[in-house]
Amino acid sequence: MSSIDQQQEMTQAETAAFFGRELLGWYDVVKRKLPWRINRDPYRVWVSEIMLQQTRVDTVIPYYERFMQRFPTVQALAEAPEEDVLKHWEGLGYYSRARNLQAGAREVVERYRGIVPDDAASVASLKGVGPYTAGAIMSIAFNRPEPAVDGNVMRVLSRFWLLEDDIAKPATRVKIEKLARSIIPEGRAGDFNQALMELGALVCTPKSPGCLTCPVMEHCAGRLAGREAELPIKTKAKPPRPEWRLGVVVEGSGEHAGRVLVRQRPDTGLLARMWELPHVLVPKDAEKRLRSGSKGAGGKEEAASEQEQASLADQLARMLHEEAGLLIRPLRHWTKAEHVFSHIHWHMDVFEADMPSHVSEASSAAPSDSGSAELGLVAETNGSYAGGGGELPAGYAWIGPEAMDTLAFPNLFLKLLQQHWGIKGRG
DNA sequence: AAGTCGGGGAG
DNA sequence: CTCCCAGACTT
């Protein structure tokens, strides 16, 4: 019979061999020089992979340089104060990564004498190390034939093998891991996994992939079917739920002049253990009544009226007193701040306020709720607070610009504080 | 399986 | 605007 069919059909093994050969040849030529590629120190690889979770290479590079300078070894990281680690993570997001990384470093010091174990199960058991990161460390640092399937790899393999599974589903990652494991070229696991990601980052991009410069385009099933643009298939994420919040810059007076009141967040949950400006959640049933900047009939933003701002300020003072025993005196509406997390959308109105005798008093009476639209009526005293040396509730502190070197703030509040003090962001 | 956890760059 | 990034953890 004619050999046309036999010559054009390739077995899975032949396709995999082609894919690995061409991809590695391409990678050897175009691979980027990145700071975590100067050697294969498992600790350096580990730190880079944690930082790179859901974070672009260009964003990570400066953080990585500073982090490795301050914490050059597993021991250095394990011994450091947690606040120091968080400070070096400031602005990078997903802050549990930093705390888990340090916890993992302490595990390595205690259980493995400071040496990252050349063992997949041991690495995978480290805090903050999931299937992807375990595979990345094992393959890149130790050249072990483990798959490292991230978003790039799922996209590349979905297109090349025309996989129509929904990559948003956890089961799909498991399936693609099996495929990825099966096509690792002998002896080149680390380069292959990095090449796969490099291709996804530089060529096989989410939108308008550069098929004409792709080293494996010739046998890409997605491309051959003219479907590369519709792959991978991924269901849409739910939009973040809106939350309206009232924040405040409380300016200190007397011995605290020039400082601002901040507080540390709880040990768990959103922005755990980070510092922030005080703020309160506007109850859902009060949103309509209190919300400013709502959309008018024409869909345009309407500025809050003086009365509305005063009402918001009154609500802020009352809630801060109820929740923290803090007595503040709102002075004026300062600014609005929008911040979007993956699951929450904050609409924040930020006020300026002072504390006439920088008082906090957990048992004092609530500020008067006269319903008045007038600002500046919330500083009722009950005579029980300590005149000049007012103590703050647990977790609260006065800080000036110089303290910004030691406390870690999420970007939202970092920017507000920098704006308040007229400081420029870091370069 | 679905929700929680940041922030920013690209189109 | 939308998408998604070298994902992990909790429920």
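Note that this is a predicted model, so its numbers are computed, not measured. Here is how names work: the chains are called A, B, and so on, in the same order as the sequence lines, proteins then strands, and each is numbered from 1.
Comparing the P positions of dC5(B) and dC4(C) gives an interatomic distance of 22 Å, to the nearest angstrom. Taking atom P on both nucleotides, dC9(C) is separated from dG8(B) by 24 Å, rounded to a whole Å.
For the segment residues 270-281 of chain A, the set of residues with a heavy atom within less than 4.0 Å of an atom of DNA chain B comprises Leu270(A), Leu271(A), in numerical order.
Residue-level contact check: Trp36(A) touches the bases, meaning some heavy atom is under 4.0 Å from a base atom. In this structure, Phe341(A) reaches the sugar-phosphate backbone alone: every heavy-atom distance under 4.0 Å involves primed, P, OP1 or OP2 atoms, never a base. Across all strands, Arg155(A) comes closer than 4.0 Å only to sugar-phosphate atoms, never to a base (heavy-atom distances).
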Show me, pair by pair, the donor-acceptor contacts under 3.5 angstrom made by side chains of residues 204-215 of chain A, not counting sequence neighbours?
from, atom 1, to, atom 2, distance (Å)
Thr205(A), OG1, Lys207(A), O, 3.2
Thr213(A), OG1, Gly210(A), O, 3.1

Under 3.5 Å, side-chain donor or acceptor atoms of residues 120-128 of chain A against the rest of the protein: list the pairs with distances, not counting sequence neighbours.
from, atom 1, to, atom 2, distance (Å)
Ser122(A), OG, Asp119(A), OD2, 2.7
Ser125(A), OG, Ser122(A), O, 2.7

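A search for salt bridge (charged side-chain N to carboxylate O under 4.0 Å, His left out) contacts involving Arg265(A) returns Glu276(A), not counting sequence neighbours.
For Ser208(A) against dG11(B), a side-chain-to-base donor-acceptor contact under 3.5 Å is absent.
In this structure, Glu243(A) pairs ionically with Arg241(A), as a charged nitrogen and a carboxylate oxygen lie closer than 4.0 Å. Using a cut-off of 4.0 Å between Lys/Arg side-chain N and Asp/Glu carboxylate O, Arg227(A) and Glu164(A) are scored as salt-bridged. For the pair Glu146(A) and Arg181(A), the salt-bridge criterion is met [side-chain N within less than 4.0 Å of a carboxylate O].
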Short heteroatom pairs, N/O only, protein and nucleotides 9-11 of chain C, under 3.5 Å:
from, atom 1, to, atom 2, distance (Å)
dC9(C), OP1, Gly128(A), N, 2.5

Polar-atom pairs under 3.5 Å, protein N or O versus N or O of nucleotides 1-3 of chain B: list them with distances, or write none.
from, atom 1, to, atom 2, distance (Å)
dG3(B), OP1, Lys238(A), NZ, 3.3

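Ring centroid separation for the pair Trp275(A) and Phe413(A) does not come in under the 6.0 Å cut-off.
Residue Lys207(A) places none of its side-chain N or O atoms closer than 4.0 Å to OP1 or OP2 of dG9(B).
Between Ala237(A) and Ile50(A), the one whose closest nucleotide on DNA chain C sits nearer the 5' end is Ala237(A).
For Arg66(A) and Tyr63(A), the positive end sits near the middle of the six-membered ring, less than 6.0 Å away and at most 45° from its axis.
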